[in-house]
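The next block holds one structure in the form of structure tokens; read it before the comments.
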Number of protein chains: 2
Amino acid sequence: MPDVFKKYLSEKGGITDLQFDKIEPFLFERKIKKGETILEQGEVCKNAWFVEVGCLRSYVTDKKGKEYIFQFAPENWWISEQNSLHKNEPSLLSIDALENSSVVVIGANFFEQLPVPAGANNNFRHVILQNRLYSLQKRIIYLLSATAEERYIDFLNTYPALSQRLSQKLIASYLGITPESLSRVRKELFKKN
Amino acid sequence: MPDVFKKYLSEKGGITDLQFDKIEPFLFERKIKKGETILEQGEVCKNAWFVEVGCLRSYVTDKKGKEYIFQFAPENWWISEQNSLHKNEPSLLSIDALENSSVVVIGANFFEQLPVPAGANNNFRHVILQNRLYSLQKRIIYLLSATAEERYIDFLNTYPALSQRLSQKLIASYLGITPESLSRVRKELFKKN
DNA sequence: AAAGTTCATTGATGTAGGATAAGAAATGGA
DNA sequence: TCCATTTCTTATCCTACATCAATGAACTTT
């Protein structure tokens with residue numbers, strides 16, 4: 001069933017079809033409707049999710065009810081609340097679907113079950129963690145040092161497909177600005193080009 | 001020699017004295033003078049460093065020469081440029097010493113050499129990565145959603161010792177504000193208490 | 001197709017924090 | 001110990017972005 005995930009594991013993790021057959025019984029797919037929430041801020045996160053179709057997001061809500069998007073997860077991305085999953089602590093983030101989506105549900109011990117391909121040491125998991133670390137690092141640097149316009153341009157380069165699929169309201173929330181400001185930033189950008 | 005590191009490995013990684021003796025030949029200590037740079041933006045990072053004494057920082061410099069501090073590393077912290085180390089790409093960050101410091105130099109393959117303690121799977125490395133991930137996540141959420149004052153209070157809570165050791169200029173650069181603004185924030189805080 | 005929502009844009013106005021400048025306090029080097 | 005440098009503070013003005021409000025366009029829902 002989970003063909004996108006199978007392909008991902010093969011390409012990124014070097015997992016063969018044979019090895020995949022062994023872990024398939026532990027996997028299952030889940031459909032998530034647009035707007036449906038799969039993790040609520042304050043709950044303990046029990047899974048990670050791999051997105052095969054659609055797009056999810058993780059976000060915080062502050063006291064005033066304002067939402068700040070931490071991460072988008074379109075096809076081939078992982079999403080979860082690492083710290084909650086790892087330490088059984090309450091999650092800082094909520095996770096919901098921005099489009100009708102299909103995900104593979106990954107249990108906490110998935111990577112222990114995953115066979116280690118010949119030749120490779122088990123650093124597939126590390127590669128995933130390292131990549132995430134890098135994208136968070138880049139995000140922090142941009143939040144510290146770049147203007148709203150620079151951050152928007154970076155977003156367009158980093159997620160060219162998403163800029164077509166998501167509303168500006170969502171993109172603004174990811175950039176840390178209001179939708180009104182994003183509208184003005186875009187106006188300025190169009191003027192320049 | 002590297003007693004602080006030995007203690008750290010024992011407490012956090014479950015490494016026994018006997019096991020430590022096996023890896024000690026691969027370790028060496030390095031003294032870094034205040035102001036000395038050990039990694040320059042654009043270079044490829046070949047090591048990670050574990051701080052035994054003193055304090056280092058990693059930071060970016062923008063086109064105008066303004067510095068933004070990504071991370072502080074006092075005693076018992078790791079510092080490095082993960083992405084550069086991992087993929088042999090040019091580093092986004094520079095690393096230098098804020099105090100006269102003593103570090104353990106850790107090669108890229110250190111964790112492969114590290115013996116796996118009985119009973120534990122080799123998730124010591126994961127725990128380190130997960131903790132770092134969590135602190136970056138928290139930082140992003142604060143940068144997105146909190147005021148300068150809230151971020152300063154969070155800094156005081158997260159690094160109570162550092163607020164005594166570091167100049168306000170450095171703390172401001174970590175918070176993403178100017179030293180003048182931090183001075184005002186502090187004035188307001190004192191007024192309230 | 002009408003009515004209710006949500007979304008994007010625009011304008012007017014407000015504000016947190018930046019830029020600049022200058023004096024005071026602390027630190028450091030010879 | 002004195003001079004130089006760096007750090008911290010305070011004041012004034014400025015700017016990027018927020019807030020509030022209004023309008024039309026684009027969706028949902030019935």
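Every chain is numbered from 1, with letters handed out A, B, ... down the list of sequences. Below, all heavy atoms of this structure are taken into account, side chains as well, without hydrogens, waters or symmetry copies.
- The shortest distance between side-chain heavy atoms of A:Phe72 and A:Ile79 does not fall below 4.5 Å.
- Counting to the nearest Å, the P atom of D:dC27 and the CG atom of A:Leu166 are 15 Å from each other.
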**Request:** Take B:Phe70 and B:Tyr59, measure what ring-ring contact (aromatic ring centres under 6.0 Å, His included) needs, and give me the verdict at the end.
**Result:** CA-CA 5 Å; B:Phe70 179 67; B:Tyr59 64 99; over 10 Å; no
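- Straight-line distance from the NZ atom of A:Lys187 to the C1' atom of C:dG11: 9 Å, rounded to whole Å.
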**Message:** Quick one, A:Tyr174 with A:Phe155, criterion ring-ring contact (aromatic ring centres under 6.0 Å, His included). Give me CA distance, side-chain angles, the key distance, then yes/no.
**Reply:** CA-CA 9 Å; A:Tyr174 177 85; A:Phe155 171 81; 5.7 Å; yes
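- With distances taken from any side-chain atom of A:Thr147 to the nucleotides C:dA19, D:dC17, C:dG17, the minimum falls on D:dC17.
- Put simply, CG on B:Asp62 is 13 Å from P on C:dG18, counting in whole angstrom units.
- Taking atom CD1 of residue A:Ile171 and atom P of nucleotide C:dT9, one finds them 11 Å apart after rounding to whole Å.
- With rounding to whole Å, A:Phe190 atom CZ is found 12 Å from C:dA8 atom P.
- The side chain of A:Glu180 approaches D:dA21 more closely than any other nucleotide in the set D:dT9, D:dC17, D:dA21.
- A donor-acceptor contact under 3.5 Å is not formed by the side chain of A:Arg184 with the base of D:dT15.
- Checked against D:dA21, D:dT7, C:dA21, the side chain of B:Lys169 finds its nearest nucleotide in D:dT7.
- Side-chain contact annotation: A:Lys12 with A:Asn131, donor-acceptor N/O pair under 3.5 Å absent.
- Rounded to an integer number of Å, the gap from CG of A:Leu182 to C1' of D:dA18 is 14 Å.
- The CG atom of A:Leu189 sits 12 Å away from the P atom of C:dT9 (whole-angstrom rounding).
- Ranked by how close their nearest DNA chain C nucleotide is to the 5' end, B:Glu149 and B:Lys34 are led by B:Glu149.
- Phosphate contact (OP1/OP2 of C:dG18, side-chain N/O of B:Ser181, threshold under 4.0 Å): present.
- Distances shorter than 4.0 Å separate some side-chain N or O of B:Thr178 from OP1 or OP2 on C:dG18.
- Within 4.0 Å of A:Ser167, counting heavy atoms only, lie sugar-phosphate atoms of the nucleic acid but no base atom.
- Under the 4.5 Å side-chain heavy-atom criterion for Ile, Leu, Val, Met, Phe, Trp and Tyr, A:Leu182 and A:Leu170 are members of the same hydrophobic cluster.
- When the P atom of D:dC8 is taken as reference, atom CD1 of B:Ile177 falls 13 Å away, rounded to whole Å.
- At a threshold of 4.0 angstrom between heavy atoms, the contacts of B:Lys66 are confined to the sugar-phosphate backbone, with no base atom among them.
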